[in-house]
Amino acid sequence: MKEDLQLKLSNIEPEAFQKDLIGWFEQEMRELPWRKNKDPYQIWVSEIMLQQTRVDTVIPFYHRFMEQFPTIEALANAPEEKVLKAWEGLGYYSRARNLQTAVREVHEQYEGRVPSSPKEISSLKGVGPYTAGAILSIAYGVPEPAVDGNVMRVLSRVLSIWEDIAKPSSRKVFEEAVRYLISHKNPSYFNQALMELGALVCTPTSPSCLLCPVQAHCSAFAEGVQRDLPVKTRKKSTKVIDLLTVIVQNQQGEWLMNQRPSQGLLANLWEFPSFEKQQGESAVSQLNDFLLADFGVNIVLDPEPWMVQDHVFSHLTWKMAVFKGELTKTSTQNRQNAVWLTKEEVEKLTLPVSHRKIWNQYVSLHS
DNA sequence: AACACGTGGAG
DNA sequence: TCTCCAAGTGT
């Protein structure tokens, strides 16, 4: 352990800190659907959904998901498309696929029981250091650190740690701190309390230090620097991609839909055919070329976009221009991922929010 | 280590 | 509008 951290930890009494922290948690903890019991599967699903996602956003998804896939066996046996559909709108869709992959492994390799050792649970797809610690401590009472953004923020203030929490290497420093501070009597509440404190009191901007149960232990408060912590460098700006999107109908009134590749952005989700716009030629001309080359269809397009829409991802922005068109004649379809679907069938697909919005707009104006 | 990977809410 | 985020993981 770094001597620097050692010194800071020597200024705090773990038992007193635990008592104040856990006592507060027992009084103030929110009633959340995944706090009703300690079922490892239920904890697991909630932890995956909560990755980079707000509690309020997760709650309705969690309810629907657990209703649809109440057990490890149910999720293991479900078709992947059903799982993705249940995840529609939640984002970071690889979480859903990784979760099912891991659940299938638990079903087959561990007789359906979520492993309780750090090594085994960490080997599961989608279970990183945070999630492993969260499941182990909350479901099994194992005193492992579960260091997320909340924990790094809270402890950076309590211990006055000036490491840049945006750097991957910083997590280890906070794990060391948690290993020293954690309650072995109640690791579950200790870890949850640290996160709850970060969510409710020790917030990113304007922390409520006067209401804080561990104020007496807090080095940043003592020094008046709680607003300067944590140190977190911001990431660089996102790039912009001009996208040409087409809603195409054939003579039967079906729509042309495309399934995205199984790797990368929005993997395996469905969409209206879309292409990155190139410099130079007109949008309609480019679209005609693309549709013929990639989908083997000749389309009569409206000359102007039917609607435009920006969609912001974490790392890029789509500036979408959506055109409408009708099929004139078709040759062999070059792209296997493309298919003509009825309205009912389109509704059943998993679309990214950007395309779901376009579809909703389209349906509301054509019915 | 650095970047890809979604979304909706807050200030 | 803009920026930052919210219970991170995979590569």
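Since we're looking at a predicted model, the values are computed, not measured.
- Of the candidate nucleotides B/dT7, C/dA6, B/dC5, B/dC5 has the atom nearest to the side chain of A/Tyr92.
- The backbone N or O of A/Leu269 sits nowhere less than 3.5 Å from a side-chain atom of A/Thr350 that would complete a donor-acceptor pair.
- Atom CZ in A/Arg227 sits roughly 16 Å away from atom C1' in C/dC4 (whole-Å rounding).
- Going from atom CD of A/Glu88 over to atom P of B/dT7 covers 9 Å, rounded to whole Å.
- Residue-to-nucleotide proximity on DNA chain B shows that, of A/Thr205 and A/Phe313, the 5′-proximal contact is made by A/Phe313.
- Taking only side-chain nitrogens and oxygens, A/Lys125 comes nearer than 4.0 Å to OP1 or OP2 of C/dT11.
- Side-chain nitrogen and oxygen atoms of A/Tyr93 include at least one within less than 4.0 Å of the OP1 or OP2 phosphate oxygen of B/dT7.
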Evaluate the criterion side-chain contact (heavy atoms from CB on, under 4.5 Å) for residue pair A/Lys232 and A/Arg153; output intermediate values, then yes/no.
CA-CA 10 Å; A/Lys232 186 176 188 181; A/Arg153 181 173 60 256; over 6 Å; no
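- Here C/dT11 presents its C1' atom at 10 Å from CD of A/Gln263, a figure rounded to the nearest Å.
- A close approach under 4.0 Å does occur between a side-chain nitrogen or oxygen of A/His315 and OP1 or OP2 of B/dC5.
- Taking only side-chain nitrogens and oxygens, A/Thr131 comes nearer than 4.0 Å to OP1 or OP2 of C/dT9.
- One interatomic measurement links the two molecules: CZ of A/Arg153 to C1' of C/dA6, which rounds to 9 Å at whole-angstrom precision.
- Cation-pi geometry between A/Arg64 and A/Phe61 is met: the NZ or CZ atom falls under 6.0 Å from the ring centre, inside 45° of the normal.
- Checking B/dT7, C/dG10, B/dC5 against the side-chain heavy atoms of A/Asn98 singles out C/dG10 as nearest.
- Between A/Arg260 atom CZ and B/dC5 atom C1' there is a gap of 12 Å when expressed in whole angstrom units.
- If you find the closest nucleotide of DNA chain B to A/Thr57 and to A/Gly264, the one lying nearer the 5' end belongs to A/Gly264.
- Using a 4.0 Å heavy-atom criterion, one finds that A/Val312 contacts the bases of the nucleic acid, with or without backbone contacts as well.
- One finds a side-chain N or O of A/Ser169 lying less than 4.0 angstrom from the OP1 or OP2 phosphate oxygen of B/dA1.
- Considering only side-chain atoms of A/Arg54, the nucleotide from B/dG9, B/dG6, B/dA4 that sits closest is B/dG9.
- A close approach under 4.0 Å does occur between a side-chain nitrogen or oxygen of A/His311 and OP1 or OP2 of B/dT7.
- Per the geometry, CD1 belonging to A/Ile165 stands 12 Å off C1' belonging to C/dC4, to the nearest Å.
- Spacing between atom CE of A/Met195 and atom P of C/dA6 amounts to 15 Å, rounded to whole angstrom units.
- The distance between the ring centers of A/Phe272 and A/Trp255 does not fall below 6.0 angstrom.
- Although no hydrogens or angles enter the test, the distance criterion places a donor-acceptor pair under 3.5 Å between the side chain of A/Gln286 and the main chain of A/Glu281.
- Side-chain atoms of A/Gln51 lie closest to C/dG8 of the nucleotides C/dA6, C/dG8, C/dG10.
- In this entry the distance linking CG of A/Asp310 with C1' of B/dG6 reads 16 Å, nearest Å.
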